[in-house]
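Predicted model only: the values in this text are computed from it and were never measured. In what follows, chains are A, B, ... by sequence order, proteins preceding strands, each numbered from 1. Only heavy atoms go into these numbers, but all of them, side chains included; no hydrogens, no water, no symmetry mates.
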Amino acid sequence: MNASAKLDQNPELRSRAPALEARAELNRAIRDWFREQDFLEVETPIRLPAPALEEHIDCPPCGEHDRLRASPELHMKRLLAALQKPVFQIGPCFRDGERGPSHLPEFQMLEWYRPQADNQEILIDAKSLLRHCAERLGGGGRRFRGQSVDFAGQWQELSVDQAFDRFAETSVDQALAEDRFEQILVEQVLPAAGGRQPLVLHGFPLALGALARRDPATGRAERWELFVAGLELANAYSELTDCQEQIGRFRKAAAVRRSRGSDNYPVDLRYLEQLRRGFPPCAGIALGVDRLLMVLSGRDTIDQVVPFPPESELVAPLEQISKFVGDTK
Amino acid sequence: MYTTSDLRKGLKIEIDGEPYVITNFEFCKPGKGQALYRCKLKSMLSGSTMDRTFRSADRIDKPDLATREVIYSHGEGDMHVFMDAETYEQFHLAPEVLGDQVNFLKEDIECEILFYRDRPVEVTLPIFIEAKIARTDPGARGDTATNVTKPAWLENGYEIQVPIFLNQGDVVKIDTRTGAYSERVSKA
């Protein structure tokens, strides 16, 4: 389609008004809930010299030395350790090379962290927050991807091992050995589990819990993920606070990245130093605000809940603009 | 070879010596894990469909495809004959290759045939063709709402929905990609 024809489609923006109203109400609802729970709202840098090293998450470069954050995690944990206070943040995060019906390269993330807590207390938070948000956005009854999702009722909670035993053709460890964990999760487990109930999968393999604490009882990571109708909404863990183990995991992630041909980032020394000096036990979570809005407003793609999906932008060199918008002298 | 970042709806790829077109494409990346590229594929030879999930490191074969510009010549029994306007070489295409497009074939229209290793697998017609309405009921008088339609039939029996004000003998433009009425070209 040529640019002039595309320019004519601008009124489409108006049709997004209901989704944008819902977004504003969701942001208000989130802030109200955190204020009531006595959390401190914080803002941390978007441009980072040392993002957390993760095997499969790439931060877009920004300037010569920095990256755009994939998550505010390290800065928020530094604040939490210093203030010994629960903190939350809503803000933009970035992922290189991620685009699809539920992925935008730039999206809104909600993260919160509690000192003296583990991932089970974060689950209690999540249930309360999401029920509150669903109520504020008009209660239940919205159909999302063919399901009428109900946050108010019982949530389904399964360990990753249980879910694989029940729904998949292989065990978790075998899937990992064959390097097919994600594929089996997406193709066999998620379509079969959940339904209209929110699904919590907990006890992820340690290899997939970059900054999560190891549960001594199971040997798995103290990490859970929330899915709604197969869509991943949130990722929570009891935070790893052991400096040596953290360095080991960064090294392992760096090695995997190198073998894949991805570059590695410098390491945040202030974060490691804080771990070394002693960190309170704590837990935290990252939740995709755009995706929550998709579910609560019954829209199947992430493009429908943002005003300006990246591919909708239309640009021309300054010398050529008269071709598109007429003579501007 | 393609990499996973080339994958998108409409891309043509080859798997185990068979060409496929991607009819649906979904990126997903569960739980901080590796990215998955879930595709629905349709065979360009048999039309059969299958699901295939690719991962970041995968490399995907490019099918050996070539296009030729031809004009539609005539029907011969079930087959449809196209001709290269420069070399006069003729190609006989089975109706399965054309699908619903057989409804829009007219002598001398310029088309493109896509070949997979010398085998014709797909025909692209001009986006719009003109056709005469052979039969339609007169629109009810006073019914002027613009979005009201009625059925009409072309000379080959193909049925389309047209605005209520169109008459038998009118020539209309049809979008061959959707098979739908586009606009009226001339009145009867």
About how many Å separate CZ of B:Phe27 and NE2 of A:His103, when rounded to the nearest 0.5 Å? 5.0 Å
Heavy-atom pair with the smallest gap, counting every atom of A:Glu187 and B:Arg38: CG-NH2, 3.9 Å
Might you confirm whether atom CD of B:Glu86 has over 12 heavy atoms from other residues, nucleotides or ligands at distances under 6.0 Å? no
Out of curiosity, B:Arg55 CZ to A:Arg180 CZ, how far, rounded to the nearest 0.5 Å? 8.5 Å
Where the side chain of A:Gln183 meets the backbone of B:Thr53, is there a donor-acceptor pair that is under 3.5 Å apart? no
In terms of heavy-atom contacts, does CG of B:Asp51 have more than 12 from other residues, nucleotides or ligands at under 6.0 Å? yes
Crowding at NZ, B:Lys150 (>12 non-hydrogen neighbours, <6.0 Å): yes
Largest heavy-atom contact set with chain A, pairs under 4.5 Å, which of B:Cys28, B:Ser5, B:Gly33: B:Gly33
Nearest-0.5 Å distance, OG of residue A:Ser102 to NZ of residue B:Lys29: 12.5 Å
Count the heavy atoms of every other residue, nucleotide or ligand shown that sit under 6.0 Å from CG of B:Asp100, and state whether that count exceeds 12. no
For chain B, the option from A:Glu55, A:Arg99, A:Arg260 that forms the most heavy-atom pairs under 4.5 Å: A:Arg99
Return yes when atom CG of B:Asp78 has more than 12 non-hydrogen atoms of other residues, nucleotides or ligands closer than 6.0 Å, and no otherwise. no
Heavy-atom cut-off 4.5 Å, strictly under: side chain, backbone, both or neither for A:Leu185 against chain B? side chain
What's the verdict on side-chain contact (heavy atoms from CB on, under 4.5 Å) for A:His56 and B:Lys32, showing C-alpha distance, side-chain angles and the deciding distance? CA-CA 6 Å; A:His56 298 291; B:Lys32 293 196 170 209; over 6 Å; no
Can any side-chain N or O of A:Glu182 pair as donor or acceptor with the backbone N or O of B:Pro30 at less than 3.5 Å? no
Heavy atoms from other residues, nucleotides or ligands near CD of B:Glu110 exceed 12 (cutoff 6.0 Å): no
Just wondering, are more than 12 heavy atoms of other shown residues or ligands nearer than 6.0 Å to CD in B:Glu69? no
